[in-house]
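What follows is a single structure, written as structure tokens, with notes after it.
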2 protein chains.
Amino acid sequence: MSADRKSPGYSRSTEDYLKAIYELESEGGPAQTSAIADALGVAPPSVSGMVKRLSESGLLEHAPYRGVQLTRAGRRTALKMVRRHRILETYLTTKLGYDWDSVHDEAERMEHAVSDGLIERMAMALGYPRHDPHGAPIPTKDGEIDEQEALVPLIDVPVGSMAELRMVSDRDPELLRFMASLGLRVGVAFEVIGRQPFKGPTAIRLAGQHAKERDQVIGHELAENLSCVVLEGAVG
Amino acid sequence: MSADRKSPGYSRSTEDYLKAIYELESEGGPAQTSAIADALGVAPPSVSGMVKRLSESGLLEHAPYRGVQLTRAGRRTALKMVRRHRILETYLTTKLGYDWDSVHDEAERMEHAVSDGLIERMAMALGYPRHDPHGAPIPTKDGEIDEQEALVPLIDVPVGSMAELRMVSDRDPELLRFMASLGLRVGVAFEVIGRQPFKGPTAIRLAGQHAKERDQVIGHELAENLSCVVLEGAVG
DNA sequence: TACTAAATTTAGGCGCGCTTAACTTTTTAG
DNA sequence: CTAAAAAGTTAAGCGCGCCTAAATTTAGTA
Ligand SMILES: [Mn+2]
Ligand SMILES: [Mn+2]
Ligand SMILES: [Mn+2]
Ligand SMILES: [Mn+2]
């Protein structure tokens, strides 16, 4: 019963840098300075400075002018923050009536203020959920995270296929509100019934819906953000 | 629907200073530098420096060498923090199974990270409680706080009186755990059946308890911390 | 290969919130 | 009333995390 001190007790900035770097790394290759700056809304020199401190603390390794990679310790902390963030988002929507478009900002602040114990109590109250409200997998307490089965952005799902919406970015509340207004939620199944070229819209038909809301036209930018699993069939 | 930005967005330190000063002021007179330093666990010169910044921001007034007083704006923010702290403590005990001795530290950090909206959702989920788990009154959203009816520390409750425990400091987890082990909770009624002089213990008899746990002997320091209301009777 | 554009790092600086050491003011005791 | 003790402030300095401007490195193109 002693693992509950906020361990070394990193600052909010440190935790956010590690989490952002983790997410950038999981898109392949080392995280670059400007991408980190972009993700955190700071200027590139701020990142250079912070990267120096973090690598001196052994949380990441820096190949100058090339990018940055988390060490084992850095990844451990990053995954802890990802778990916190996603448990918090799930708790707020499930237990306190938040909409899925408004939980991100709240979680972004709270993740740095709560104890391990509170996160575990929330997880228990939720029945140890595997996914957050946007479909993202929740790492376990020990830092294990489900490999995503091959998810495909809606723009790449072939016309004629059946697919299911599995995940969407939680970063744009406007987009999430719009999705909700279309009846698009994680878990919904649909058929891709058409797509126009030149970044045109994708047309889908939702499974098990009333006639009025069954067919939807999804713009290109939105379709890029919808991660789906293809269920069957394909047309070249 | 626009009053939800964390208003001017004060820092954690600022919010803790204002809250501590509010609590010191409510014990009468202006808050003194060393008392503030003591409450926050910082050195006195740190307080001098912070007091300068806070008075330049219009949150308090400083009479050099005399002490500080909250302005209207300072008091408003302080009461907001007190509300947050007490709602959080109540939520954690009621909804997440925390014991009353472990909520303070968690609330002390979370109070700076949550939004107004989350506090109101918690308050609603709790049915707008008037008191926190330690018996302290919870200010309303508009900053109204119940005047405490005259509370008396147990050491001043006359032998022979009936009294009820109404409030206890939330700052010492050890003390709270010990109280729980004696069956002493907010709301419990008892008769004062004896008291020894020279800072000796006070003996009480709890109402409606089984024989074995009915009579308790309370040491002087603990008795100082128990705020009671006297119900009837008095013996010089 | 040579030059340019883009990305990154270095230099210099700022506010916050904290420290210790030294100095000043106020309070208390004799 | 005066001298010592206590309380408070000022001075100097530090790490964090951010900024802009300037220098450097890398990548891309003619
Ligand atoms: Mn999120
Ligand atoms: Mn965050
Ligand atoms: Mn408390
Ligand atoms: Mn606090």
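Scope of the values below: all heavy atoms of this structure, side chains included, with no hydrogens, waters or symmetry mates. All chains are named by letter (A, B, ...) in the order of the sequence lines, taking the proteins before the strands, and each is independently numbered beginning at 1.
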Problem - Nearest-nucleotide comparison on DNA chain D, the residue closer to the 5′ end among S13(A) and P64(A) - result: S13(A)
Handout entry: K141(A)/D116(A) ion pair, N-O < 4.0 Å
Key = no
Practice task
Check step by step if side chain to side chain contact (heavy atoms under 4.5 Å, CB included) holds for E23(B) and V82(B).
Solution key: CA-CA 9 Å; E23(B) 276 156 12; V82(B) 170; 4.2 Å; yes
Exercise for the section: Could you work out which one of dC18(C), dC18(D), dT9(C) sits closest to the side chain of S46(A)? Expected result: dC18(D)
Polar-atom pairs under 3.5 Å, protein N or O versus N or O of nucleotides 27-29 of chain D: list them with distances, or write none.
from    : atom 1 : to     : atom 2 : distance (Å)
dA27(D) : OP1    : R66(A) : NH1    : 2.7

Handout entry: Residue pair R195(A) / T202(A), side-chain donor-acceptor N/O under 3.5 Å
Key = yes
Handout entry: Donor-acceptor pair, side chain of E149(A) and main chain of V229(A), under 3.5 angstrom
Key = no
Exercise for the section: In plain terms, say whether R84(B) and E108(B) are close enough for a salt bridge, that is, a side-chain N and a carboxylate O under 4.0 Å apart. Expected result: no
Problem - Length of the line joining L54(A):CG and dC18(D):P, which is rounded to integer Å - result: 10 Å
Exercise for the section: Kindly give the heavy-atom pair with the smallest separation between A73(B) and G58(B), and that separation in Å. Expected result: CB-O, 4.2 Å
Problem - Residues R75(A), E25(A): salt bridge by 4.0 Å N-O rule - result: yes
Exercise for the section: Could you tell me the separation between the CD atom of E56(A) and the P atom of dG17(D), rounded to a whole number of Å? Expected result: 12 Å
Exercise for the section: Specify the separation, in whole Å, of atom CG of D38(B) and atom P of dC18(C). Expected result: 15 Å
Handout entry: Below 4.0 Å: OP1/OP2 of dT10(D) and any side-chain N or O of S48(B)
Key = no
Practice task
Could you tell me whether the phosphate oxygens of dT8(C), OP1 or OP2, come under 4.0 Å of any side-chain nitrogen or oxygen in H62(A)?
Solution key: no
Practice task
Pull out every residue in residues 16-35 of chain A that has a heavy atom closer than 4.0 Å to any atom of DNA chain C, ordered by number, or say none.
Solution key: Q32(A), T33(A), S34(A)
Handout entry: Pair D132(A), H85(A): side-chain N/O donor-acceptor within cut-off below 3.5 Å
Key = no
Problem - R53(B) vs dG17(C): side-chain N/O to OP1/OP2 distance below 4.0 Å - result: yes
Exercise for the section: Take the protein atom NZ of K52(B) and the nucleotide atom C1' of dT9(D), then report the distance between them rounded to whole Å. Expected result: 11 Å
Exercise for the section: Kindly give the heavy-atom pair with the smallest separation between S46(B) and Y17(B), and that separation in Å. Expected result: O-OH, 3.8 Å
Problem - Integer-rounded Å distance: dC16(C) P and L59(B) CG - result: 13 Å
Give every pair of a protein N or O atom and an N or O atom of nucleotides 21-24 of chain C that lie under 3.5 Å apart, one pair per line with the distance.
none

Handout entry: Short N-O contact, R86(A) and E111(A), less than 4.0 angstrom
Key = no
Problem - H104(A) and H134(A) side chains, donor-acceptor separation under 3.5 Å - result: no
Problem - Nearest-Å distance for atom pair CE/C1', residues M50(A) and dC19(D) - result: 15 Å
Handout entry: Any donor-acceptor N/O pair, S102(A) side chain to Y98(A) backbone, under 3.5 Å
Key = no
Handout entry: Minimum-distance nucleotide (side-chain atoms of A43(B) versus dG17(D), dT20(C), dC18(D))
Key = dT20(C)
